[in-house]
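Read the structure below first, then the notes.
Throughout, residue positions are numbered sequentially from 1 according to the sequence presented.
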Amino acid sequence: MGHLYEALIQKGIATFKDDEKLEKGKPIRPELLEAIKESKFAIVILSENYASSTWCLDELANIIHCKKEMEMIVLPIFHHVDPLNVRKQMGTFAQAFVKHEEKENKERVEKWRDALTQVGNLAGWHLKNTRSEIEDIKDIVGKISLNLKYDAFQYITKDLVGIYSRMVELESCLVVGSNDVRFIGIWGMGGMGKTTLARVVYYMVSKKFEACSFIENVREMETNLTIKDEYDGALKIMNKVRHKRILFVLDDVDKLKQLKMLAREHHAFGSSSRIIITTRDKHVLEACAVDEIYEFQGLNYKDALQLFCLKAFKKEHVPNDYLELSKDFIKYAAGLPLALEILGSFLFGKSTTEWKSALERLKEYPNIEILHVLQISFDGLHYTEKEIFLHIACFFNHDMKDHVVEILDSLGLYPNVGLKELSNKSLLKIMYNNVVWMHDLLEETGKNIVRQD
């Protein structure tokens with residue numbers, strides 16, 4: 001029990017252990033009952049003389065009650081005891097009950113028998129001296145960790161539509177367990193959910209590292225950093241993490257200088273470390289020589305519909321009279337999770353007449369909250385890049401690249417370098433057929449900036 005307890009604690013699993021001797025005739029302490037009630041798991045170690053203790057039997061009866069009422073997971077360890085003897089109360093268990101039946105009331109004894117029968121029927125571990133205790137403990141801790149990981153995933157991904165496949169893909173990029181240090185970039189336009197994905201994966205794999213850190217909004221925090229300069233900052237971090245296996249997330253990076261301050265080079269981190277960087281600017285990742293870039297795509301129609309429904313109706317299906325209107329809003333959002341969440345939440349509880357009015361209004365007055373997030377990328381552009389962005393948004397979206405370059409070049413806007421920068425910053429794409437493509441909401445953002453000017 002002592003070794004198992006230490007292994008659970010070292011794994012970061014909050015564990016309550018009660019090994020105090022109970023005075024004969026005393027009831028189970030209230031704090032023990034409360035600890036059992038609040039636990040997700042109960043590990044019951046059934047030894048040869050387990051049934052001789054009325055205290056252990058009372059505790060087990062309470063655990064079985066919690067299993068029935070609160071879905072507690074009970075994991076029995078049959079410590080050199082045949083599970084059949086526990087289930088049928090045979091051997092030393094039978095001998096113990098002969099004495100109990102002489103002294104205890106029938107109802108209490110029957111409760112103990114029922115508890116032993118139930119725990120004896122549960123899947124657990126039968127320890128027989130066939131392998132080392134270390135291997136047994138590793139199995140037990142591993143099973144609990146796996147269950148907790150699944151529960152944590154269910155909790156933190158609640159209402160996060162389309163996250164599972166992305167999580168699997170990103171986790172694959174990390175190659176957790178290999179000895180090399182890996183830098184992984186998550187790249188995509190604003191409002192896609194890059195931070196959410198990074199946070200989910202961070203939470204899921206963090207227990208595999210010696211130290212973890214998640215720095216949010218690096219772009220906004222840069223001016224508040226107390227590090228004297230980028231070299232001093234890199235040196236401080238190297239001194240702290242050089243020999244540690246760490247998981248380090250830098251969220252919303254928009255300048256290479258920020259990476260030099262916080263995550264300068266691979267050799268600054270201990271073996272098997274993983275550094276995840278989220279950004280709207282692909283060039284930042286390329287200049288930093290990341291090992292892999294995960295491009296964040298918009299939601300497909302099925303996932304977009306599910307997310308929109310969860311926000312607009314608090315359920316997964318669209319009422320028939322809202323179906324066509326829902327399709328119009330989903331088309332408007334064009335796979336952008338941020339837009340689907342904001343619009344769906346705004347429309348919740350409103351009539352179809354109000355939905356129609358809101359859709360017409362969007363055509364003339366786009367949602368400011370959505371545009372604000374998207375305009376962040378625009379605000380950081382060079383003057384000529386801003387002009388190119390606005391020209392494409394207003395006139396040339398979906399035009400052939402050669403035609404767009406010719407016109408922009410005649411305006412002295414240096415389109416070859418400008419289009420590349422806009423592409424790096426997720427503000428447009430040059431499609432396979434050489435067509436210039438800009439997300440509909442980015443197009444709306446550009447037009448709104450022109451209207452304001």
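- Interatomic distance, OG1 of Thr278 versus CZ of Arg199, reported as 10.0 Å (0.5 Å rounding).
- Under the 3.5 Å distance criterion, the side-chain polar atoms of Trp125 are left unmatched by any main-chain donor or acceptor of Leu75.
- Summarising the local packing, NZ of Lys331 is surrounded by 12 or fewer heavy atoms from other residues, nucleotides or ligands at distances under 6.0 Å.
- The shortest distance between side-chain heavy atoms of Glu104 and Trp112 falls below 4.5 Å.
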Applying side chain to side chain donor-acceptor pair (under 3.5 Å) to Glu354 and Ser351, what does each step give before you reach the verdict?
CA-CA 5 Å; Glu354 290 171 305; Ser351 67; 3.2 Å; yes
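- More than 12 heavy-atom neighbours from other residues, nucleotides or ligands sit within 6.0 angstrom of CD on Glu135.
- The environment of Glu48 atom CD is sparse: at most 12 non-hydrogen atoms of other residues, nucleotides or ligands sit within 6.0 angstrom.
- A donor-acceptor pair is defined here as one N or O able to donate and one able to accept, closer than 3.5 Å; such a pair exists between the side chain of Ser53 and the backbone of Cys56.
- The neighbour count for Asn433 CG, taken as heavy atoms of other residues, nucleotides or ligands under 6.0 Å away, is above 12.
- The backbone N or O of Pro83 lies less than 3.5 Å from no partner atom in the side chain of His126, so there is not a single donor-acceptor pair.
- The closest donor-acceptor contact from the side chain of His100 to the backbone of Arg108 lies at 3.5 Å or more, if one exists at all.
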Verdict with supporting geometry, Glu101 and Arg113, salt bridge (Lys or Arg N to Asp or Glu O under 4.0 Å)
CA-CA 11 Å; Glu101 286 172 343; Arg113 285 191 180 278; 2.9 Å; yes
I'd like to know whether Glu110 forms a salt bridge (Lys or Arg N to Asp or Glu O under 4.0 Å) with Lys106, so could you lay out the CA-CA distance, the side-chain angles of the two residues, the decisive distance to 0.1 Å, and finally the verdict.
CA-CA 6 Å; Glu110 286 305 310; Lys106 185 177 180 181; over 6 Å; no
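- Sparse packing is recorded around NZ of Lys99, with 12 or fewer heavy atoms of other residues, nucleotides or ligands lying under 6.0 Å away.
- Once rounded to the nearest 0.5 Å, the distance linking CD of Glu169 with OH of Tyr294 reads 4.0 Å.
- Of the possible donor and acceptor atoms, none in the side chain of Asn49 sits under 3.5 Å from a partner among the backbone N and O of Ser52.
- Rounding to the nearest 0.5 angstrom, the gap separating the NE2 atom in His3 from the CG atom in Leu8 is 13.0 Å.
- Proximity of a side-chain donor or acceptor of Asn121 to a complementary backbone N or O of Thr117 within less than 3.5 Å is detected.
- To the nearest 0.5 Å, atoms CG (Leu250) and CG (Asn217) are separated by 12.0 Å.
- Considering all non-hydrogen atoms of both residues, Lys194 and Arg280 come closest at NZ-CG, 4.1 Å.
- The side-chain heavy atoms of Val249 and Val201, taken from C-beta on, include no pair separated by under 4.5 Å.
- Between Leu362 and Leu343 there is a side-chain heavy-atom pair separated by less than 4.5 Å.
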Begin from the C-alpha positions of Tyr332 and Trp355 and carry the test ring-ring contact (aromatic ring centres under 6.0 Å, His included) through to its verdict.
CA-CA 13 Å; Tyr332 176 84; Trp355 276 46; over 10 Å; no
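- The aromatic rings of Phe329 and Phe308 sit parallel to each other, their planes meeting at less than 30°, with 60° as the upper class boundary.
- Under the 4.5 Å side-chain criterion, counting only non-hydrogen atoms from C-beta, Glu421 is not in contact with Leu381.
- Atom-to-atom distance recorded for Arg182:CZ and Asp291:CG is 5.0 Å, nearest 0.5 angstrom.
- Leu323 CG to His317 NE2: the interatomic distance, rounded to the nearest 0.5 Å, is 12.5 Å.
- Counting only heavy atoms from C-beta outward, the side chains of Ile276 and Leu247 approach each other to under 4.5 Å.
- Not one N or O on the side chain of Ser423 forms a donor-acceptor pair closer than 3.5 Å with the backbone of Lys429.
- Inter-residue side-chain proximity for Ser326 and Phe313 is flagged as met; some heavy-atom pair is nearer than 4.5 Å.
- Cation-pi check for Arg274 over Phe209 is not met; the charged atom does not lie both under 6.0 angstrom from the ring centroid and within 45 degrees of its normal.
- Counting heavy atoms of neighbouring residues, nucleotides and ligands inside a 6.0 Å radius, atom NE2 of His80 exceeds 12 of them.
- Within a 6.0 Å sphere centred on NE2 of His283, heavy atoms belonging to other residues, nucleotides or ligands number 12 at most.
- Within the 4.5 Å cutoff, no side-chain heavy atoms of Leu442 are placed close to those of Leu428.
- Checked by atom type, the side-chain pair Asp281/Thr279 shows no donor-acceptor distance below 3.5 Å.
- Using modelled atom types, no side-chain atom of Glu216 and backbone atom of Asp251 make a donor-acceptor pair closer than 3.5 Å.
- Looking only at side-chain heavy atoms (C-beta outward), Val141 and Leu4 come within less than 4.5 Å of each other.
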